[in-house]
Each structure stands twice: as C-alpha cells, then as structure tokens.
Amino acid sequence: MKMADLSTITSAFQEIKNRAESHWRALYDSGKPVIMVGTATCGRAAGALEVLKAIRGELKRQNLNCPVIEVGCMGHCYAEPVVIISKPGYPSICYGHINPVITERLVKEFILGDNPCFEFVLGALEENDLVPSFSDFPRAKYEKRVILKNCGHIDPTEIDHYIAKGGYSALVKALQMQPEQIIEEVKRSGLRGRGGAGFPTGQKWEVCRRAVGEPKYVICNGDEGDPGAFMDRAILESDPHSVIEGMIIAGYAIGARYGYIYIRAEYPLAVERVQVALRQARKLNLLGNHILGGDFNFDIRLFQGSGAFVCGEATALVACIEGKPGIPRPRPPRMATRGLFAKPTAVNNVKTLAFVPQIINNGTDCFAGTGTEQSKGTAVFALAGKVVNTGLVEVPMGTTLRQIIFDVGSGIPGGKRFKAVQIGGPSGGCLPEAALDLPIDFDSLTNAGAMMGSGGMVVLDEDDCMVEIARYFLEFTQRESCGKCTFCRLGTKQMLEILNDITQGRGKIDDIGMLSQLAEDVKAGSLCGLGQSAPNPVLTTLRYFRDEYEAHIKEGRCPALMCQDLVAYYIVPEKCERSCDACVGTCTVEAISANKKRIKVVDQEKCVKCGTCLDACPPQYNAVVKLSPPSEVPGSE
Amino acid sequence: MNKKVSTTEEQVKIRQETKQIFKRFGKKRGNLMPILQKVQGKLGYLPQEAMLEIADFLEIPGIDVYSVITFYNQFRLNPPGRHSIRVCLGTACHMKGGYITLDAWKRRLDIDRGETTPDREFDLDSVACVGCCVMAPVTVVDGKPQGKVEPTKVDGLLLAFEHEQEKKSKNENG
C-alpha cells in the first residue's frame, strides 16, 4: 500500500475514534448514574424487557434523567435478568435476578438514595471496599476473557462503544501490513478454527490467498446448530463488531471482495443486531469501497439460514447461500480453492473471527502464551443443564472439566450427584466422572471419544438416563441427515429404532452388538461431519455407561428413572397426608383422586407421567415416588 | 410449467403480494432463500401460488423451489395460527423435560407437531434450539421465549390468551 494511503487511513480513523471516545465519555461525564440492562435473548427469556420498561418508567416518575442502555450478555445467564448500575462514588455494581419490583427499589434507594441494596447484588465489576467483586468469585481464577471481554459491557447497537473500547484499531493496523504478514501472524499464533474441527486458520487463509479465481469470499459461519450451544449467538448479539472487524481483516488477508455472515433462522435478535452493526460500519466507511480512504474494497452481506443443522457443514452452507438445498459435497476440492459460486472461499466460525482482531492488536505471543501445546488461546463454553451457574465461560485451553463444572459452574444443584457431561452436541459424546480431570483441548477430547464441537457443554446428573440422551441425539441427527449418503440416511434410522426399543422396554440383548456395528458403519460410510460423528453419542455412552443399557434391556428398568415407558408414579399411602390435595389440583389430566380414607391414588391408565405431582407434593410429606420398572407399583401385575 | 389459473380472491391476493416482494430482488438463483423468507414473512406460509410465482420470476423449475422449501425446517406449507407455539427441544430443554412440555401443548391444543388448530388460533411446532438453554425448558410463544415452561405453565399461558380474548370481546360488545 502507498505511503499516502497509510496516513489517510490513520487520520481518517483517528477522527472516528475521537468522536467515539467523546461519545462514550459523555455517558459518564454527565455525573449521572448509568444503568445497563442485559437484553440478549437469554435475558429476554427471563423478562429483561419488562425490567427495562420498569426502569424507564420509574426514572420518569422520579423525574430522573439517567442514561439507560441495553447491553448484551455478560455470561452470568443463571442470574438473568441482570442490571449494572454505575453511580459516581460507587463501584459499578451488577444486580442479578431482577424483576420490576426490585427495579423500583433500586431506583428509589440506590439511584435516589445511597443504599446499594446489598441483598440483590451479584458482584461489582471492579475491586472495592464496599461490595464483593466478580474477581473474588472462584470462577475468576480460571476465567480469561478475550473474545467475551466486551460482551455485556457495551451497547451492541452503538459502534462508538466498540470503537471507544479499542475496536477497529486492529483493522487499521492490519491495513498497514502486507496481507502475507497477517497470514503469517495468524499462523504463528496457532489459532485453530473454533467451529469444532480445529483446522489451523492461517493455513486455510494461505491456501485461499494463493488460489486462483475472482472474486474471493469470506464467510462467517454462524449456523450454531448444536442444540445446547449458544456462545455464537451471545457474541453476535453482544459484540457484533468484533466479528465484523475479524472478517474485514480476513478479507484483506486473503484478497476477498465480499463477505457473508450466515446466521441461523432461530436467532432473530442476532440477525437484527448484525444488520444494525453492518449499517453503522458502512456509514463510517469501515466497510464498502476504499475502506478508510485506502484502496481496499470489501463489503459484507447478511444471509439468514432457514433451519437445517447440516448447513453448519461448510459445503452445505455454501449450497444454501447459492439457493439450493443444503446438501454437502465431497472434498476436495476444498472450500479455499473452490467454494461459494465456485470461487475461493474462507469459511470461519464466529469465534475464530472474533479472535483475529485480538491477535493483530496484542501480538501472537499473547495468544500463543495461553492454552496447551497443540491448542492455543482460550475456549468459550456454553455451560447448561444440571449445573448451578449456567452461562458462558471463557477459559484457557487445557482447563479441566472439573474446574469448569465445579469451580466456574459451582457444581450440581440440589445436592445431586454428577453423572456425565455432554460435550460438542450431536457430534460429541458423554464423558463420565473418570474423565473430569482431563485438560480440555481439541485433541484430548477427540481421544476420549467426544469432540470440542462448537463448545456446548450440558451437565447431566443422576436423574438423567444415558440411553435416553444417546437416543435423543440420534433422533436429532437422523431427522437432520440430508439423505445423500445411504449409511447416514438409513443407518441412523436403524440405530434410532433400536434405541427406541431399548428405552421403551423392548430391547434385546444382541441390540448392543448391533448398535456398535452400525455405529462403525455409519462413521465409515458418510461423506460429511454430520454422518461421521452422528454415532459418537451412542459409542461414548456404550463405552462409559454400558450397565445402563443392560439394565434397560435385561430388567426393563431405567436406573435414572427417566424413560417414560419404564417408570410409574406412585403415592406412598403411609406418607400421604389426608388433609392435603396439592397433587390432585395440579395433575394436568385428572389422574389423581382420593380414596375413601382420603389417601390419594394415581390412576396408572390415565397418568401421562409428566411429574407435576412429584413437584407439587409438599416436601414435608414427600409421598410421590417414581418407580422403575412400573411393575414395582404395589398391586400392579 | 403447468400454470394454475385461479380466480378466488385469496389466490389473487397471494400472487399480488408475492410479486410485490420481487421488486427488491434481482433474478439470481442466489436470491431464492431471501425471497422465500420475505414471502413467508408476509404471508405466514408458502402456498402453491407463491411457489409458482417465485419459480417464474427466477426462471427455475417449480420443483427446485419446492425442494428447497421442503428441505429447510423453517418453511411452512400450511397457513399459520394467530399465535405460534414453538417448543424448544434442544439438549438442555430435552433433559429438563421439554418433551413433557410438548406433550402438554399437544394435549391442550389437541393437535400434533406441525399442525394448526382448526380455528386457526394456534399452531404448534418444535424447534431445535433457541439458545436460551439456561432457561430450560423453553417455549417460544409468539416469538417471545418463555423460560421454565412446565405443564402447569402451559395451562397458565393458555389462560392468559383466554383472558385476552374475553377482554377483547367485552370491549367489542360495549
């Protein structure tokens, strides 16, 4: 690039940055408290929009004119909805489990008065002498926020917030480098694709840069189809510009003209926020022709998926953008040489792209300095299921499962016992307690039979049936198989039928052998990652929890009391309280009635096994029990 | 292609509204998905007349349009209900009883997954994962994710709709 261009770019950006910084400072310079409400999808599900409305209403009633801004997801999803209040003279305090009533108190007592309402405090953002801060949490010891650092702290619909926090400076730096230099930096950092397969990103870009064909494309794969994973959604909703900046740098490095952000249809809020972000970036000339006055042209379009898990596979995703059914094709030719519209294309995951500006800004050593020998940097996991602190966590590669689940996630709720952790969604596997001390990286997980996948981590406790979870994933992959490969189309179907039989009490002893055989065949006979990894949940549960399969088959018993056909609800007459009717009222199908002695009885014919009565029975009686096999119910045949 | 000439008011309207949407698009095959999404956004589903119009516009065989529509989960061939119920069956929701919630909706609405109630009031479907795993089990009601929806909450949500209906008819009657 010419020298004249360089000074144009830096001065153009300096102007943008100055404006952004004064915009950000103005928020705090007014001396008024600043209120932030987390309104990402998870917050909204918990009622964040009602809280937002209540705050605005209460401020208006009190004649207060404090800035209220919507931010994304901080990762403390267990405490949603969350509100952060930064009042001059106090540390920034984050409140959890907020509802409109608490909101009113916060406004009256903290914003108007000087009582920080300790009872609702989750933690302070910075260390102080008044309230405990997040850095005192046990999870702080393990967490290292690199790509999540802005999430929940800036308004994702304000590009100025991102720029004020140092955003787009990596792009300016990159535009002053040679594309080859950037690729070299990314290669040296050891960044591997965060979509699951872990392919070295720099290598992918290099092949794409050298490939012949114009125009070249960069695609951001936001088809986060793994049920149980939501980190890509959180990043797109909370910090969309970090992904856009990464894409522009990728485009510059490989010599691309266009980029596509592919977002799955189930994420409408992410689509909306990315659209806003793209518009703002274009307006500031960070996207489009002659970016920042230089000679690099690059624009990004948003493409909304339409609900197909297989589209997470790069060749299927490209087919989808081309307007065809998302059916994968054999590789080679690789995407990097022949991808979208038969042109060289780099397909990268949301997280991978979000790492790029960090690497350019902070240098490769900073990235390569964390993580393990073969897997550098940090990994983002979505912690869900039977764990106390559900949410998003970002930890260095090599952190153990035990640290993530028990230290970051604070263990299993309700005093239950840990049974397994499902990692990597339908392509991954279930790892037992014995694997808890495994340092997690791409390779260790593959060796254990699971897979990093996109990083979804669902914790299972003693009440979860391992046969049922294997069946669930197979039902999913079977339905989502595109049907191209025979083994994937028919093999998964056969495996599902066997698992259906087992969970419904019709299992035969040679089913286990047949399942393992079919699993190997489906793995070997499928073209894409979907089929090749679909048997993983079955193989890992067979490997670590074979006894549960045997209990289902031999005794018709579900040890976890989960498989509906193998359990029955029973009210123990000795424990049932005559004057209590809690279960009768809550039963959704009127299957419970009182007998002559006012003891409640479940009509097994009518019962749909929804478990509402078990929850309704007051703990001091604890009279409702689940029995398996159903023949355990006294008086049944 | 065999063009079905229709005279009914609804069909004419469908064709008109579909054509309106073409104004924003070029005749590229790559525009098929965005067009389908926009048409469904407008009509709520993808009727045969709309499919034929789209095939005509993009100059591709009707079967190609049909094959794309039936490949992806989001496209509907049936008219939607006034309220949409989407039960999340992602991993976390499943393990926390999402299938029991789905059963409860089916029982109460008396329809199966993918169907619409005869009065076109509700349509019921499942969704792979809406990414609110921490609120499991989740049901998305009219586009709004509702957390911790267990059978009793299903009844509660339906009751809220009934109340609204009553209020509305009361207002209309005076």
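Within every chain, numbering begins at 1; the chains are lettered A, B, ... in the order of the sequence lines, protein sequences first and strands thereafter. In this text, all values refer to a predicted model and were calculated from it rather than measured experimentally.
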J.: Report which part of Leu49(A) has an atom under 4.5 Å of a heavy atom belonging to chain B: side chain, backbone, both, or neither.
T.: neither
J.: Asp103(B) and Val608(A): side-chain contact (heavy atoms from CB on, under 4.5 Å), yes or no, with the steps?
T.: CA-CA 9 Å; Asp103(B) 276 348; Val608(A) 291; over 6 Å; no
J.: Pick one of side chain, backbone, both or neither for Met95(B), based on which atoms fall under 4.5 Å of a heavy atom in chain A.
T.: both
J.: Which residue out of Met231(A), Glu224(A), Met562(A) racks up the most heavy-atom pairs below 4.5 Å with chain B?
T.: Met562(A)
J.: Go through the atoms of Ala136(B) and report whether side chain, backbone, both or neither lie under 4.5 Å from a heavy atom of chain A.
T.: neither
J.: Show the nearest heavy-atom pair for residues Pro325(A) and Tyr72(B), with the distance to one decimal.
T.: C-OH, 3.5 Å
J.: With chain B, which of Arg44(A), Gln564(A), Gln422(A) has the greatest number of heavy-atom pairs at distances under 4.5 Å?
T.: Gln564(A)
J.: Side chain from CB out, backbone as N, CA, C, O: work out which of these in Arg108(B) comes under 4.5 Å of a heavy atom of chain A, or both, or neither.
T.: side chain
J.: Quick check for you: among Gly483(A), Gly43(A), Gly307(A), Gly611(A), which has the greatest number of heavy-atom pairs under 4.5 Å with chain B?
T.: Gly307(A)
J.: Would you give the length of the straight line joining atom CZ of Arg233(A) to atom SG of Cys129(B), rounded to the nearest 0.5 angstrom?
T.: 8.5 Å
J.: Counting only heavy atoms closer than 4.5 Å, note whether Val310(A) contacts chain B via side chain, backbone, both or neither.
T.: side chain
J.: Counting only heavy atoms not in Lys167(B) (residues, nucleotides, ligands), do more than 12 fall under 6.0 Å from its NZ?
T.: no
J.: Determine whether more than 12 heavy atoms belonging to other residues, nucleotides or ligands lie under 6.0 Å from atom OH of Tyr99(B).
T.: yes
J.: Locate the shortest heavy-atom distance separating Thr41(A) from Pro145(B); write the atom from each residue and the value.
T.: CG2-CG, 4.1 Å
J.: Who wins among Val154(B), Thr101(B), Thr91(B), Leu32(B) for the most heavy-atom pairs under 4.5 Å with chain A?
T.: Thr91(B)
J.: Count the heavy-atom pairs under 4.5 Å between each of Pro227(A), Cys465(A), Gly47(A) and chain B, then report the option with the highest count.
T.: Pro227(A)
J.: Among Gln37(B), Lys28(B), Gln146(B), single out the residue with the greatest number of heavy-atom pairs under 4.5 Å to chain A.
T.: Gln37(B)
J.: Look up atom CZ in Arg479(A) and atom CG in Leu89(B), then write down how far apart they are to the nearest 0.5 Å.
T.: 7.0 Å
J.: Atom CD of Glu266(A) and atom SG of Cys88(B): how far apart are they, to the nearest 0.5 Å?
T.: 9.0 Å
J.: Would you say the side-chain atoms of Tyr472(A) pair up with the backbone N or O of His94(B), donor to acceptor, closer than 3.5 Å?
T.: no
J.: Under a 4.5 Å heavy-atom cutoff, which of Met33(B), Gln40(B), Lys144(B), Arg29(B) has the most pairs with chain A?
T.: Arg29(B)
J.: Does any N or O in the side chain of Ser306(A) come within less than 3.5 Å of the main-chain N or O of Gln74(B), such that one atom is a donor and the other an acceptor?
T.: no
J.: Could Arg107(B) and Glu590(A) be called an ion pair, given the rule that one side-chain N must be under 4.0 Å from one carboxylate O?
T.: no
J.: Could you measure the distance from the CG atom of Asp464(A) to the NZ atom of Lys96(B)? Nearest 0.5 Å is fine.
T.: 9.5 Å
J.: Regarding Glu150(B) and Thr612(A), is there a side-chain donor-to-acceptor distance under 3.5 Å anywhere?
T.: no
J.: If you count every heavy atom of other residues, nucleotides or ligands that lies below 6.0 Å from Asp110(B) atom CG, does the total exceed 12?
T.: no
J.: Where is the tightest heavy-atom contact between Gly30(B) and Phe303(A), given as atom of each residue plus distance?
T.: O-CE1, 4.4 Å
J.: Side chain, backbone, both or neither: which part of Phe309(A) has a non-hydrogen atom closer than 4.5 Å to chain B?
T.: neither
J.: With chain B, which of Ala46(A), Gly456(A), Cys320(A), Ala382(A) has the greatest number of heavy-atom pairs at distances under 4.5 Å?
T.: Cys320(A)
J.: For Glu322(A), is it the side chain, the backbone, both, or neither that has a heavy atom closer than 4.5 Å to a heavy atom of chain B?
T.: backbone
J.: State whether the number of non-hydrogen atoms from other residues, nucleotides or ligands found under 6.0 Å of Lys38(B) atom NZ is greater than 12.
T.: no
J.: For Val130(B) and Tyr267(A), which heavy atoms make the closest approach, and how far apart are they?
T.: O-CE2, 3.9 Å
J.: Below 4.5 Å from any heavy atom of chain B, which atoms of Cys311(A) appear? Answer side chain, backbone, both or neither.
T.: side chain
J.: Just wondering, do Asn73(B) and Glu480(A) contact through their side chains at under 4.5 Å, heavy atoms?
T.: yes
